[in-house]
Structures are given as structure tokens and as C-alpha cells.
Engineer: 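Got a structure here, written out as C-alpha cells. Questions coming.
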Amino acid sequence: MTEQADILQPLPDALDKASAALASGRLVAFPTETVYGLGASAMIDEAVAAIFEAKGRPHFNPLIVHVPDSATAAQHTVFDERASLLADAFWPGGLTLVLPRRPDTPISLLVSAGLDTMAVRCPAHPVAHALLERAGPLAAPSANASGKLSPTQATHVAASLGTGHGHLAMVLDGGECAIGLESTVIGLPLDGPATLLRPGAVPGEDVEAVLGYALAKAAPHTSNDDSTQGRSSPGQLASHYAPDAPIVLNTTQFDENDVVLAFGAEPCPLPKGSLNLSPSGNLREAAAHLFSMLRLLDAVAHGKRIAVMPIPMDGLGAAINDRLTRAAAPRP
Ligand code: AMP
Ligand code: MG
């Protein structure tokens with residue numbers, strides 16, 4: 001298994017090849033509306049193990065299982081009324097539900113990283129959907145090296161994981177991801193309140209409007225050692241989504257040692273090479289540009305720091321600030 005993985009247009013022939021590769025236990029990177037995923041058949045232990053190996057992902061960090069519809073999710077998890085309500089409102093889309101595993105599910109235990117729960121999401125992207133229809137449930141984290149920036153274009157996948165990797169059969173190219181931020185993760189324990197485990201593509205306020213009450217909030221993670229038992233969402237390391245350059249947040253004064261990631265109106269002429277997430281201050285546009293602009297700034301930083309202007313916390317701003325805070329956290 002040493003051949004190069006190709007970047008392919010998602011035509012029917014490539015989708016057939018991709019589902020054959022998945023059935024044989026290999027990995028396929030594919031576009032979703034949030035970020036590119038690194039997919040493995042969720043039923044094949046060796047294939048799921050290969051995801052952890054390809055990403056260098058810690059084994060205590062569980063994976064999201066992507067499903068074609070809520071009926072499939074209900075075959076594998078205890079899909080209660082709250083789950084049905086949220087799936088009806090937000091699926092297909094950028095919302096992940098963490099639910100108790102059904103004892104008889106054939107989904108690999110590795111996706112749950114030792115927990116008795118499973119994260120499920122039905123993505124909206126037509127390529128992801130076509131692949132799930134052919135290949136069945138796919139375990140798929142973001143298709144990047146663990147701890148690094150998430151990929152929002154097919155070329156980012158190749159740059160982060162390398163296409164010479166033995167396990168990666170191909171990358172399906174669906175263009176740029178429309179949302180550009182990972183899914184919102186909501187925990188629905190049988191005996192506990194609906195909990196926001198990770199802010200993301202669907203604003204928490206929108207989820208609360210459908211539920212009719214406020215979400216409980218998971219305790220923020222301040223450590224990079226996440227092997228501790230008992231955490232509600234063990235994958236939320238303090239340092240994550242990190243560019244190579246140092247990064248500082250909430251800055252409005254810059255000097256020649258900075259390249260700037262601006263948002264909205266620029267307070268002064270910015271240093272050469274700086275970029276603006278959304279000159280008009282639109283949070284959707286900013287979310288879609290976040291990871292690709294951090295990549296571009298990282299490439300021109302050459303020892304400088306990336307200085308990020310303040311970004312409001314409403315709507316997608318909560319998820320953007322969550323990613324930036326982790327990107328700026330002390331590295332392990
Ligand atoms: P990623 O696949 O990188 O988008 O990360 C998925 C995240 O979802 C993980 O890092 C966890 O924080 C969360 N997650 C996935 N499965 C579970 C689970 N069974 N219980 C709690 N959180 C989960
Ligand atoms: Mg990720």
C-alpha cells in the first residue's frame with residue numbers, strides 16, 4: 001500500500017472507486033459543508049485504527065460517525081425525542097449529536113474511544129451524501145494532522161496528511177467548504193441535560209431556540225493532557241487548530257513583527273501580507289475564510305506572529321473564537 005493517493009473530481013466513477021476503497025479498509029478524504037473529513041468505514045476496526053495513525057490522533061479522542069440519515073443514526077444509538085427534534089431541525093447539516101451507543105451496534109468501539117456514547121452527524125454536502133449512500137456510515141474526523149489547522153480545500157488535505165500515505169486511497173475534491181468550521185457538538189445523555197460540548201457550524205442560540213431551553217455548557221478545557229477519565233468530550237484539547245507561527249488574539253495595535261488577521265474595518269494601514277476575514281464584518285464570511293487565511297498567514301509569517309483583531313461572540317463568532325483561542329493556547 002504505497003501508491004500515491006490521487007485528488008479526484010467526485011464523478012460517479014470516482015465515488016464507486018472511493019466506496020470500494022472504503023469497503024476494503026482504506027481511507028478516503030471527502031468534502032463536507034464544514035471541513036474536509038478523513039473517512040473510514042465505521043464498521044471496520046482496522047480502518048478506524050488507520051485514521052488515528054494517519055492523523056497522529058490520540059486514542060482518547062473519539063471520532064464522529066457520519067450517517068446518510070437519522071434512521072441510520074437511530075439504528076446505532078439511543079435516539080431519544082430530543083435527538084429527533086434536533087435532527088429534524090438541523091440535519092442534514094453541521095450539528096453532531098453524542099448519544100448512548102446501542103449495545104448491538106456493529107460500529108467499531110474504537111470510534112467511541114472507550115466511552116459508551118457515539119457521536120453522529122448527517123452532513124449536507126452532496127459529495128459526502130453520495131459517498132454515505134454508497135459506503136454506509138463513515139467515521140471521519142477532519143482530514144489534517146492532529147492538532148493542526150482543519151482543511152477547507154482538497155489541496156489542504158494533501159499538504160497536511162501527504163498523499164503518499166499508505167492508508168489514504170484518494171481525496172475527493174468538492175471545492176471549498178461553504179461553512180469552513182467544524183460541526184457544533186451537543187451531548188444528549190439519557191439522565192442529563194442537553195450540553196454544548198463544542199461550539200461550531202450551528203450557533204448554540206439556534207439549538208436553544210429549537211429545544212426551548214438553554215444548553216448546559218461543558219467545562220472549558222485548560223490542559224493538553226486529555227487522557228483523564230470522566231470528561232464529557234475528551235477531544236477538546238486546549239491547544240488545537242494551531243498554525244506553526246505564534247498567534248495573539250484581540251489585538252488592534254500592530255508593529256512590523258506582526259502579520260494581521262483582520263475583521264471588519266481596519267484601524268490603521270496593516271503590515272504587508274495581512275488578510276481580512278471579512279471587511280464588512282460578516283461572521284459567516286469570516287468562518288469560511290478562517291482556516292484558509294491562517295494557512296496563508298502561516299506561510300508568509302517567517303518568524304513573525306499572527307495578530308488577530310477582536311471578533312464578536314454572537315452567532316458563528318462563538319465557534320470562531322473557540323478555534324482561535326485553541327490556536328493561541330500554549331502548545332503541548
Ligand atoms: P473532530 O472529529 O476532530 O471534529 O472531533 C470530534 C470531537 O467530537 C471530539 O474531539 C470530541 O470532542 C467530540 N466527540 C466525538 N465523539 C464523542 C463522544 N462519544 N463523546 C463526547 N464527545 C465526543
Ligand atoms: Mg479536527
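Read the numbers this way: they start at 1 and go in the same order the structure lists the ligands and their atoms.
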Engineer: Quick check: closest heavy atoms across Arg57 and Pro141, and the distance to 0.1 Å?
Structural biologist: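 Closest heavy-atom pair between Arg57 and Pro141: NH1-CB, 3.5 Å.
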
Engineer: Between the side chains of Arg121 and Thr32, is a donor N or O closer than 3.5 angstrom to an acceptor N or O?
Structural biologist: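 Result is yes, a qualifying pair exists.
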
Engineer: Report the distance from atom CG of Asp16 to atom CG of Leu131, rounding to the nearest 0.5 Å.
Structural biologist: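 Taking CG in Asp16 and CG in Leu131, the distance rounds to 10.0 Å.
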
Engineer: Which ligand 1 atoms does Pro141 reach within 4.0 Å, using its non-hydrogen atoms?
Structural biologist: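 Close to Pro141: 2 (O).
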
Engineer: Look only at the side chain of Asp45 and the backbone of Ser108, and say whether a donor-acceptor pair between them is shorter than 3.5 Å.
Structural biologist: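 Between the backbone of Ser108 and the side chain of Asp45 there is no qualifying donor-acceptor contact (under 3.5 Å).
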
Engineer: Would you compute the distance between atom CG of Leu294 and atom CG of Leu324 and round it to the nearest 0.5 angstrom?
Structural biologist: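 Taking CG in Leu294 and CG in Leu324, the distance rounds to 6.5 Å.
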
Engineer: Which atoms of ligand 1 sit under 4.0 Å from any heavy atom of Asn61?
Structural biologist: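 Counting atoms of ligand 1 from 1, those under 4.0 Å from Asn61 are 9 (C), 10 (O).
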
Engineer: What protein N/O/S atoms are found closer than 2.8 Å to the Mg ion (ligand 2)?
Structural biologist: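 N, O, S partners closer than 2.8 Å: Ser142 OG.
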
Engineer: Can you list the ligand 1 atoms lying under 4.0 Å from a non-hydrogen atom of Leu115?
Structural biologist: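 Contacts of ligand 1 toward Leu115, numbered from 1: 18 (C), 19 (N), 20 (N).
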
Engineer: Asp116 side chain to Arg101 main-chain N or O, any donor-acceptor pair under 3.5 Å?
Structural biologist: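 No, Asp116 side chain to Arg101 backbone: no donor-acceptor pair under 3.5 Å.
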
Engineer: Looking only at heavy atoms, which two atoms of Val171 and Ala154 are closest? And how far apart?
Structural biologist: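 In terms of heavy atoms, the two residues are closest at CG1-CB, 4.0 Å.
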
Engineer: Is any N or O atom of Arg57, backbone or side chain, closer than 3.5 Å to an N or O atom of ligand 1?
Structural biologist: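 Yes: some nitrogen or oxygen of Arg57 is under 3.5 Å from one in ligand 1.
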
Engineer: Going by the order shown, which atoms of ligand 1 are within less than 4.0 Å of some heavy atom of Ala119?
Structural biologist: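 Answer for ligand 1: 15 (C), 16 (N), 17 (C).
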
Engineer: What do we get for Thr117 next to ligand 1 when only non-hydrogen atoms under 4.0 Å count, side chain, backbone, both or neither?
Structural biologist: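 It is both backbone and side chain that touch ligand 1.
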
Engineer: Quick one: which ligand 1 atoms are inside 4.0 Å of a heavy atom on Arg198?
Structural biologist: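 Checking each atom against Arg198, I get 1 (P), 4 (O), 5 (O), 6 (C), 7 (C).
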
Engineer: Per the side chain to side chain contact (heavy atoms under 4.5 Å, CB included) rule, which among His66, Met118, Met43, Gln75 passes with Pro137?
Structural biologist: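 When side chain to side chain contact (heavy atoms under 4.5 Å, CB included) is applied between Pro137 and each of His66, Met118, Met43, Gln75, only Met43 qualifies.
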
Engineer: Indicate whether the side chain of Ser183 and that of Arg198 have a donor and an acceptor atom separated by less than 3.5 Å.
Structural biologist: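 Note: Ser183 and Arg198 side chains meet the donor-acceptor criterion.
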
